[in-house]
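Take a look at the structure set out below.
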2 protein chains.
Amino acid sequence: MGKYHHGDVRNVLLQQAENILNEEGPSGLSLRRLARLTGVSEAAPYRHFDGKDGILAAVAIDAFERFAERLENVAANVQKHEERIMALGAAYVHFAVDFPQHFRLIFGRERPPLDQYPELREAADNAFDVLQRAVTSVNRRADMTLNEAATAYNRALAAWSRAHGIAMLVIDGMIVPPADQELDDFVLGLLAEDLTAPENS
Amino acid sequence: MGKYHHGDVRNVLLQQAENILNEEGPSGLSLRRLARLTGVSEAAPYRHFDGKDGILAAVAIDAFERFAERLENVAANVQKHEERIMALGAAYVHFAVDFPQHFRLIFGRERPPLDQYPELREAADNAFDVLQRAVTSVNRRADMTLNEAATAYNRALAAWSRAHGIAMLVIDGMIVPPADQELDDFVLGLLAEDLTAPENS
DNA sequence: CATTTATGTTAACAACATTAACATAGTCAA
DNA sequence: TTGACTATGTTAATGTTGTTAACATAAATG
């Protein structure tokens, strides 16, 4: 009775899952509803994914890849070290603003456990490697002292956490970027603030 | 048959809910299990809370209050402006590390909508006011130019987002604070990094 | 062509949030 | 005190969820 091979059911499910996720977040994504919307029986998704976590993992992998791609592009196109750090931070936040649910998924606790999905772990490691490499590359020289290396590492962490904090607070609506300014400029301004500088900047 | 008035059921439920939340996060908190663990019927919680969101709201209010309390203490006890910003950032992260689930609850998307729980909104506003006020108080002088005021505001945002980013990445396990260093010192170091400074700091 | 595998189905299960219908303890006015 | 009202408890029901089992058929493979 049922139609078989309506096309690439797996991809249709995945695409539909991304749509739902974008609008309602991971908790609003119900497997049964997903199946219904896709026009397939309620148990069909289990033939293509390892349950709900499996679908979330697939979406997260996709998100990690797009995320890494963007960062790589930016890192490759900005030569000067300081500028590259800044540009990466801006791109980081920009991605979060463009795909807030995906961003939350890859960082939040609804992300399926990395050790249960090797491809997910790989995608995650790759994205963070891109980030870390791009930030520390210039600093990592053979003749660095231990202290200098530690400093370079701290810089990477500082840059990363700043971008992450801005991203989170913006997509949570706690920080509202000014309407009369480009998002990137706003982010660059925040990243460049030096809290130890005198007050009259 | 059933015992009535086992004591303060509302508070027992709330306490139990906090326990469960600490161990398993908001998704692991099931109303029915909560009721069972509390030794009360499965519908009883609905007499004391507005469903699951109601319980989460109550927990979140509690968390906001503890959070604000800590920040207020720190702000009141540190006089120098730069030092206060830093100390607040450290306290911010420290709270997140001490109560990761509560921190996630008050910032994440599982937090019940503020406009449905006025007390929750009040608690949230209060916490952020404490933060904002403590960071900008010294800068906000009557004779400030518009530009100076904007700068002060940006500083507050920068401080906030940095602390938030560190907090998030640490409790998500993406950043692992060195074991041989006090958490506060580690955080202070990251907060003080100036990304625009020359590389050999 | 026969068999195996991939992919679909329906039906069932247990857990969940929520609500309705009902019962009793505590409170308070008459 | 008594009688009504309210607060707080109960059980039972509804509808949704994730997941699995039992079954059916298309596609691939020998």
Side-chain angles (χ1 to χ4, degrees), chain A residues 1-21 23-60 101 105 108-113 116-117 120, chain B residues 1-21 23-60 101 105 108-113 116-117 120:
Chain A
M1 179 56 54
K3 297 183 302 180
Y4 283 65
H5 279 198
H6 328 189
D8 195 344
V9 177
R10 195 195 129 100
N11 279 343
V12 179
L13 281 171
L14 201 53
Q15 182 59 48
Q16 192 72 254
E18 301 220 9
N19 291 344
I20 298 179
L21 191 87
E23 285 157 15
E24 319 183 28
S27 30
L29 196 165
S30 128
L31 271 197
R32 304 181 86 123
R33 194 154 72 92
L34 170 61
R36 260 175 273 138
L37 288 180
T38 309
V40 86
S41 93
E42 296 182 333
Y46 289 87
R47 298 291 173 192
H48 300 276
F49 297 95
D50 179 18
K52 186 168 186 175
D53 264 14
I55 289 194
L56 287 179
V59 175
Q101 304 288 4
L105 176 61
R109 78 196 144 305
E110 338 224 7
R111 182 192 61 203
Q116 264 173 52
Y117 298 90
L120 180 57
Chain B
M1 179 52 58
K3 296 183 303 179
Y4 284 66
H5 281 197
H6 329 187
D8 194 345
V9 176
R10 195 195 130 100
N11 279 343
V12 178
L13 282 171
L14 201 54
Q15 181 60 48
Q16 192 72 255
E18 301 220 7
N19 291 344
I20 297 179
L21 190 89
E23 285 157 15
E24 319 184 29
S27 31
L29 197 165
S30 129
L31 273 196
R32 305 180 84 123
R33 194 154 72 92
L34 171 61
R36 260 176 274 137
L37 288 180
T38 309
V40 86
S41 93
E42 295 182 335
Y46 289 88
R47 298 292 172 191
H48 300 277
F49 297 96
D50 180 18
K52 187 168 184 174
D53 264 13
I55 289 194
L56 287 181
V59 175
Q101 304 288 3
L105 176 62
R109 79 197 142 303
E110 338 224 6
R111 181 191 59 203
Q116 264 173 52
Y117 298 89
L120 179 57

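Letters A, B, ... are given to chains in the order of the sequence lines, protein chains preceding strands, and every chain is numbered from 1.
Residues B/L37 and B/I20 have side chains in contact (heavy-atom distance under 4.5 Å, counting atoms from C-beta outward). Between B/R111 and B/L120, some side-chain heavy-atom pair lies under the 4.5 Å cut-off.
Here A/L34 lies out of heavy-atom contact (under 4.0 Å) with every strand. In this structure, A/S30 reaches the sugar-phosphate backbone alone: every heavy-atom distance under 4.0 Å involves primed, P, OP1 or OP2 atoms, never a base.
For B/V40, whose side chain is taken as the heavy atoms from C-beta onward, the closest listed nucleotide among D/dT17, D/dT20, D/dT10 is D/dT10.
When the C1' atom of D/dT16 is taken as reference, atom CG of B/L31 falls 15 Å away, rounded to whole Å. Going from atom CG of B/D8 over to atom C1' of D/dA7 covers 13 Å, rounded to whole Å. In this entry the distance linking CG of A/L13 with C1' of C/dG8 reads 12 Å, nearest Å. The OH-C1' distance, from B/Y46 to D/dA13, rounds to 14 Å in whole Å. Straight-line distance from the CD atom of A/E42 to the C1' atom of C/dG8: 14 Å, rounded to whole Å. Atom-to-atom, CD1 of A/I55 to P of D/dG18 comes out at 9 Å; the value is rounded to the nearest Å. B/K52 places its NZ atom 12 Å from the C1' atom of C/dT18, with the value rounded to the nearest Å. In this structure, CG of A/N11 is placed 12 Å from P of C/dT7, rounded to the nearest angstrom.
Distance check, rounded to the nearest 0.5 Å: CG of A/L31 to CZ of A/R33 gives 11.5 Å.
Ion pair B/K52/B/E110 not flagged as a salt bridge, since none of the NZ, NE, NH1 or NH2 atoms sits closer than 4.0 Å to an Asp/Glu carboxylate oxygen.
Comparing A/R36 and B/R47 against DNA chain D, the residue whose closest nucleotide sits nearer the 5' end is B/R47. Remark on DNA chain D: of its neighbouring residues A/R32 and B/H48, the 5'-side contact belongs to B/H48, judged by nearest-heavy-atom nucleotide.
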